[in-house]
Number of protein chains: 2
Amino acid sequence: MASSPSTKSNFAPIKTRRAFEVICEQIREQLAAGTLKAGDKLPAERELAVEFQVSRSALREALRSLEVAGIIRNVKGAKGGAFVQTAEPDRIVQAMQDYVHLGDISLGELTEARLALQNIIVRLACARATETDLTELEAIAERTRQETSVEARYACAVEYYAVLARATKNRIFGIFVDSLSAILHEFVRGPDYETLQQSLIESRFKLVRHLRARDEEAAVAEMRKHLERVHRHVRKNSKAAASG
Amino acid sequence: MASSPSTKSNFAPIKTRRAFEVICEQIREQLAAGTLKAGDKLPAERELAVEFQVSRSALREALRSLEVAGIIRNVKGAKGGAFVQTAEPDRIVQAMQDYVHLGDISLGELTEARLALQNIIVRLACARATETDLTELEAIAERTRQETSVEARYACAVEYYAVLARATKNRIFGIFVDSLSAILHEFVRGPDYETLQQSLIESRFKLVRHLRARDEEAAVAEMRKHLERVHRHVRKNSKAAASG
DNA sequence: ATGGATTATTGGTCGGACCATTGAGGTAGC
DNA sequence: GCTACCTCAATGGTCCGACCAATAATCCAT
């Protein structure tokens with residue numbers, strides 16, 4: 001059955017399989033099969049090179065690829081080596097950021113996706129948020145109030161959204177939210193942003209109150225109002241930047 | 001303001017910045033700034049190495065990283081080189097797949113996310129799908145009926161979801177859907193899958209009819225019914241695999 | 001003009017060398 | 001006996017120089 005598409009062309013795509021690709025693939029297979037799992041340590045580079053019968057350079061390119069993909073982490077020194085990582089969404093975020101930079105994803109698409117996503121999240125969080133989640137959200141909102149720099153407050157906002165997503169007890173949403181946060185961060189600029197920030201804090205407290213009351217519709221409405229204000233600001237400043 | 005978190009530790013994180021990281025960063029910067037854009041060709045490796053004042057090996061590791069990230073594509077031969085790519089969501093999908101493999105994302109999380117996502121998509125598609133989109137969806141459903149192999153039919157299903165997502169006119173949703181499709185593909189197994197596939201085709205036609213009638217609620221309901229059947233199957237086979 | 005051989009360019013791989021970091025073990029001094 | 005320092009081996013990071021393989025432009029013979 002190897003390489004026999006039933007209906008289309010019968011020519012197999014020509015693949016100049018590079019050594020490092022094959023290596024990556026094999027390691028990924030072991031990962032999917034469970035032979036390798038988070039925390040495991042791969043043999044030393046020089047050793048692996050012998051095992052795969054490739055030069056150390058080729059092997060290193062493979063390891064580098066896996067590291068960039070967030071699968072392993074290379075640590076130097078004695079007792080160092082390549083360690084299989086635990087899942088971190090950073091790479092997904094990075095990949096999405098690259099995608100937006102390379103492509104022509106418009107701000108409109110980003111904000112629309114964000115709004116729709118937060119709509120789901122608020123509904124789920126409303127049903128599932130624990131008291132711990134809610135107090136944490138309040139703590140973050142409170143901390144936002146005390147922060148002095150714009151950047152610090154923005155970091156708080158990102159954390160607020162992340163914790164809210166976590167309250168859904170579904171990590172997929174967390175990934176999506178983190179990605180959009182990172183991308184939209186680049187658009188959040190402008191002189192009047194600071195005053196906007198201030199006014200958003202109260203909205204965050206309100207949302208928590210709605211969540212605690214398990215008032216889904218009110219929570220959704222609050223989030224929508226909240227985001228629409230942010231997006232108005234972003235859009236305005238984006239246009240200003242484009243025209244300048 | 002450099003490296004002065006106001007409330008936390010005052011020690012800046014020690015970073016042993018590796019050469020290839022710095023190179024990647026610089027190239028990414030040029031990308032974000034627009035100095036580099038899709039289609040551009042980077043200088044030859046040997047040339048770039050001189051420019052960055054690093055060895056060719058280090059430079060190659062940087063290029064390899066960027067290639068794995070989907071930012072550039074290396075092409076061999078005269079007039080070859082590293083070309084800046086147009087945006088492709090493949091890498092995001094790959095990253096998500098890695099994340100799921102590494103982590104312990106449960107099937108429940110995946111299916112829940114999928115359901116919520118498709119809910120949004122159907123609503124948006126209902127409002128925005130053009131006649132072209134709808135006929136394309138029908139064509140795919142029709143093709144599914146004619147395909148003979150399980151794999152080919154699954155490919156059609158993936159395409160159906162992709163086109164549906166495209167009908168929202170928001171590429172972000174397309175990325176999310178593609179990612180989930182790729183991940184959930186691994187779970188779609190079992191002897192009775194073929195009969196399930198057959199019965200799903202009719203559902204796809206129904207959905208298109210609802211979309212054409214702009215009947216949002218009916219469309220959403222159909223999609224929900226559709227996915228719940230799939231998920232029941234997947235869950236059953238997943239349990240069977242786990243117990244075996 | 002055409003078509004094949006030649007050549008220059010460029011990424012892919014190789015092997016070997018040295019550096020920098022890190023942890024372990026050993027040693028001197030208290 | 002404990003601590004502080006030194007030494008050393010392991011390991012990733014980098015460099016160099018070479019050759020291979022694919023590829024497109026060029027040249028040459030027909």
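Predicted model only: the values in this text are computed from it and were never measured. First the proteins, then the strands, lettered A, B, ... as listed; each starts at 1.
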Q.
How about NZ on A/Lys37, more than 12 heavy atoms from neighbouring residues, nucleotides or ligands closer than 6.0 Å, or not?
A. no

Q: Find which nucleotide of DNA chain D each of B/Arg46 and B/Gly77 is nearest to by heavy atoms, and output the residue with the more 5' nucleotide.
A: B/Arg46

Q.
What's the closest nucleotide to the side chain of A/Ala44 if the choices are D/dT11, D/dG13, C/dT13?
A. D/dT11

Q. Any side-chain heavy atom of A/Arg91 sitting closer than 4.5 Å to one from B/Asp98?
A. no

Q. Under 4.0 Å between a side-chain N or O of B/Ser55 and OP1 or OP2 of D/dT14?
A. no

Q. Does A/Arg60 put a side-chain nitrogen or oxygen below 4.0 Å from OP1 or OP2 of D/dG13?
A. yes

Q: State whether A/Arg64 and A/Glu67 are salt-bridged, where the test is any N-O pair (Lys NZ or Arg NE/NH1/NH2 against Asp/Glu carboxylate O) under 4.0 Å.
A: yes

(Q) With nearest nucleotide decided by heavy atoms, which residue, A/Glu61 or A/Val75, maps closer to the 5′ end of DNA chain C? (A) A/Glu61

**Q.** A/Lys76 side chain, from C-beta outward: closest of D/dT14, C/dC14, D/dT11
**A.** D/dT11

Q: Without swapping roles, check the side chain of B/Gln30 against the backbone of B/Ile27 for a donor-acceptor pair under 3.5 Å.
A: no

(Q) I want to verify a distance call: between C/dG12, D/dC15, C/dC14, whose nearest atom is closest to the A/Val54 side chain? (A) C/dC14

**Q.** Distance, rounded to the nearest Å, where B/Leu59 contributes CG and C/dG11 contributes C1'
**A.** 11 Å

Q | Spacing of B/Lys41 atom NZ relative to C/dT9 atom P, expressed in whole Å | A | 12 Å

Q.
Distance check needed: D/dT23 P versus B/Phe83 CZ, whole Å only.
A. 13 Å

Q: Could you state the atom-to-atom distance from CD of A/Glu45 to C1' of C/dT13 in whole Å?
A: 16 Å

Q.
Whole angstroms only, please: what is the CZ-P distance between A/Arg18 and C/dC14?
A. 14 Å

Q | Short side-chain N/O contact to D/dG13 OP1/OP2 from A/Arg64, under 4.0 Å | A | yes

Q. Heavy atoms, side chains only, cut-off 4.5 Å: are A/Met96 and B/Phe176 in contact?
A. yes

**Q.** Proximity to the side chain of A/Ala78 - top-ranked nucleotide from C/dT13, D/dT14, D/dA9
**A.** D/dA9

Q: Please report, rounded to the nearest Å, how far the P atom of D/dG12 is from the CG atom of A/Leu63.
A: 8 Å

**Q.** d(CD, A/Glu21; P, C/dG12) in whole Å
**A.** 9 Å

Q) For the pair made of CZ in B/Phe20 and C1' in D/dC15, what is the distance, rounded to whole Å? A) 16 Å

